[in-house]
Amino acid sequence: MASMLQPQIILLKEGTDTSQGKAQLVSNINACTAVADVVRTTLGPRGMDKLIHDDKGSVTISNDGATIMKLLDIVHPAAKILVDIAKSQDSEVGDGTTTVVLLAGEFLKEAKPFVEDGVHPQNLIRSYRTACNLAIEKIKEIAVSIEGKSLEEKKSLLAKCAATTLSSKLIGGEKEFFASMVVDAVIAIGNEDRLNMIGIKKVPGGNMRDSFLVNGVAFKKTFSYAGFEQQPKKFLNPKILLLNIELELKSEKENAEIRLSDPSQYQSIVDAEWNIIYDKLDKCVKSGAKIVLSRLAIGDLATQYFADRDIFCAGRVAEEDLNRVAAAAGGTIQTSVNNIIDEVMGTCEIFEEKQVGNERFNIFSGCPSGRTATIVLRGGADQFIEEAERSLHDAIMIVRRALKNSTVVPGGGAIDMEISRYLRQHARTIAGKSQLFINSYAKALEVIPRQLCDNAGFDATDVLNKLRQKHALPSGEGAPYGVDINTGGIADSFANFVWEPSVVKINAINAATEAACLILSVDETVKNPKSESAQGEAAASAMGGRGRGGGFPGRGRGMRRR
Amino acid sequence: MVFSMKNYGIQSMLKEGHNHLSGLEEAVLKNIDACKQLSTITRTSLGPDGMNKMVINHLDKLFVTNDAATIVNELEVQHPAAKILVLAGKAQQEEIGDGANLTISFAGELLQNAEELIRTGLHPSEIISGYTKAITKTIEVLEELVEKGSENMDVRDKEQVVTRMKAAVASKQYGMEDILSSLIADACIQVSPKNPANFDVDNVRVIKLVGGGLHNCMVIRGMVLKGDAVGSIKHVEKAKVAVFAGGVDSSATETKGTVLIHSAEQLENYAKTEEAKVEELIKAVADSGAKIIVSGGAVGEMALHFCERYKLMVLKISSKFELRRFCRTTGTAALLKLSQPKPDDLGFIDSVSVEEIGGSRVTVVRSEEGGNKVATVVLRGSTDSILDDLERAVDDGVNTYKAMCRDSRMVPGAAATEIELARRLKEFSFKETGLDQYAIAKFAESFELVPRTLAENAGLNPMDIISKLYEKHASGNTKVGVDLRGGDSEDGVCKDVSTMNIWDLHVTKFFALKYAADAACTVLRVDQIIMAKPAGGPARRDKPAGMDED
């Protein structure tokens, strides 16, 4: 529309941004490598943490790949894919999120020179997919099954897996302590396998070693009214009543109105209200319950009423805690106090209120169904406990997956080296271009041991060559050798109990390859102008965009900033 | 800009701001140019080795795909002539559900060749008549190319279905077509009704769950709902089910009302009566034999309490469409209000259970025997974009199934048909008298687009391959096509498709070519464009920077 006399062809809407060709692909790769570089240094036991200060002013310290990726708030469309795979790894296996981003970044980096040299991306993609399938088969082949072992044996094996995960985290120093705690918790919830049945409670203060596992439910004492002190704080085998109603003097219904023609009736109405609440309380007491928990408020009248009758009560219990108590104690949550039957009441062996740090905790232990566990975490700063919680979450997920799939592979970069060797060997049998591509895929896998060394301050080249030599031994005895983080040399990861569930590796390699192939397969980006409805959002994100620009050097040239 | 125009000719008759273009140079060639640009965008996505496009639409949603229908849909094409191509693509997508890219690319190629003819001096009307003759001939030849014996097929035989579906799926997800097409075939066969022509694509559902990989994908007879069950009962087998579309709660008046209480007894009994009423309703449902209550709206706390008491599983499905499908799967009649259902209204479910797939909780509703009404393909992949793309591949596959239920004839794929068409049309053109001959020859040439693009996209040498293909076809083997996998070995590029088992549905090709030819002719027929000034609305001139780049 620049000039009427010589009309230009306007194929697309004004403001549409297109970019295509090799340059576009290379810029996408650059963006992804930049993202991978951000998380690179967090890998492994000697990885460093990241401090992220978001636009709301809250501070997070983490070395969990998924957490970092989420908080980075990436806008580049290609780099977003990396965030997606980190999330997917997080939801599928829970750990290995840094690995997956790093691998995807490395695959792309290796592909870049080929693309620049004019290789058609489809050739690369095909070879990468082949390599991925080979790698996964190899993992399955090497993996050691823990099926059929006794419970004790299994426990110690699972603890090793958990310890491997935890060693890369902030709480790595106490990994044995936490590993056994996590395994106990996961075994406690049994086959039910509902993650929300494991609660993690954080209490600042004390040190990590003061953390403990409750075989049941624990939650912080709720807000209480006068009279609470008189209530007994310890019960053996009490009946537990779980409610979802308010035990308070209140208007019965919002849309009800009382109109009186006779003032003498006024007192009777007041009495009626009291009757209603007394009636409710009476029913609770009659049910024989010794502990009354409610999701909604339990007022001071009720508190005193219960205190008089040696009953413990807690109002405003968080819903997930209440659900957990229901599952553990075997009761159901009641929305009415009428017609309470024994069946809906729960029970547990011991209930007590305990002091933990400067908080008081209500602890239910020895529950009949036993399908819940709560970990009470102690530690210094808030951020520290937050990170500890994330680490434990990873460890819990790992143990769950290991329990389900029950095969493990050696960690510490050993498995990556072994696959790399296997692929290199395989590549030699291929005629044609894909030999090169599979070789570079194999090389990309070596990034894991290399980064482990780099992060620990070892000479990566040196260690890597030692590893290659070991893995190349014809007898195959060198297969489990990985980086020894303690000495700076190499060691048998399997013998040192550096174990990972095989599903973590399989999923990581699969997801990283998928993402790399997806990015390689894009040759054109078309960005439409935002519509009216999205305009408001656009303004908001543009503000954020400027802030992010600084920390994001590799933004693709293809995308125009608006 | 508009105001600086001198008013003369037709411009003076129209309202200010009209855009008027006419003549060969201004209208026809410009139109062709625009269409060419569009088809250049989609062309690189053609075939199994086609590249993906990243499209960010006006709502900031990211698409990574090589499905032409999706690309042109999200591109928001503005040019009127290019829009005709888009519409042709859409028509193909709606008619068959696959082959939209062939339509657009082929139309673009036809127009490009027409441009050459126009430049050599042919009049568009001659080209049109040539093209029309050519397409009629093409359709005749296409009939002849149909593989013998393919017109009869058993749409419940998985192997036959997979053969016909594979090429369509492979063009979207190359390298995964074996797994995907067998999944899709399974799902389609399960829901195929007695009369296959009545197959409804809506009965194959897709649910996308992030995590895992393609090898974790599966087909479930029945439905998969995202989200957890409402109550604490998570698993029920072989049970009757009642559906309440309006929600499960104590009834409340729509009109705002106030309850007037006159005495103390009334106040005391108020809550009790309400509670009793809910209990009565839930009890009535439980008495009817139902074990599962499905609610289309909110589930009240009080109602939930009694459902738990009577051991009823409660599911919430807020989407009306999903609820309707659920009713179809289970054979339930949805009731509007919470009340005692009649025995006829109850449906039956083999099992309902809440399962965890890749970190997210889903409710799996299985009905194995009851009815083969709905099947769900559970897709797994590591990113949302991959999942979306897989979903489109599944959609294409399901649509192909629908097409093959109507017409199961197939033609050789992998560009074998196109080369054969090109060869025969060329021969045909020599017999024509008059200027049509040139147009028909160009039409024939346009078919080379398919093998050329397939080869280009795969990183092979196109000219080499096309000449080889012609040579093979001339020697009588009409089923030789491009083998993309044989790229590494030198002579393996051209192969007989029947050995590779790549087949396209006749009906897909038929419509794709027909729509493309129609669209091309429509574009050629235009010699004047008159664009009215866009009425009212917000001014579009606030982004001058965007225009400079276009």
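By convention in this document, chain letters (A, B, ...) are assigned in the order of the sequence lines, proteins followed by strands, and residues within each chain are numbered from 1.
Looking at Thr332(A), only its side chain comes within 4.5 Å of chain B, counting heavy atoms on both sides. When heavy atoms are compared at a cutoff of 4.5 Å, Asp90(A) does not approach chain B at all. Contact of Ile333(A) with chain B is made through the backbone alone, with heavy-atom distances under 4.5 Å. Using a 4.5 Å cut-off between heavy atoms, Leu520(A) touches chain B through its backbone atoms (N, CA, C, O) alone. Residue Ile340(A) touches chain B through its backbone alone, counting heavy-atom pairs closer than 4.5 Å. Proximity to chain B (any heavy atom under 4.5 Å) is shown, for Ala78(A), by both the backbone and the side chain. The parts of Glu301(B) that come within reach of chain A are both its backbone and its side chain, each placing non-hydrogen atoms under 4.5 angstrom from that chain.
Annotation: maximal heavy-atom pairing with chain A below 4.5 Å, among Ile386(B), Leu304(B), Val64(B), occurs at Ile386(B).
Evaluated for a side-chain contact (heavy atoms from CB on, under 4.5 Å) with Ser385(B), the options Val522(A), Ile519(A), Leu518(A) yield exactly one hit, Leu518(A).
Summarising the geometry, atom CE belonging to Met54(B) is positioned 10.0 Å from atom NZ belonging to Lys80(A); distances are rounded to the nearest 0.5 Å.
You'll find the side chain of His305(B) stays beyond 4.5 Å of the side chain of Asn244(A), heavy atoms only. Counting only heavy atoms from C-beta outward, the side chains of Gln334(A) and Arg309(B) approach each other to under 4.5 Å.
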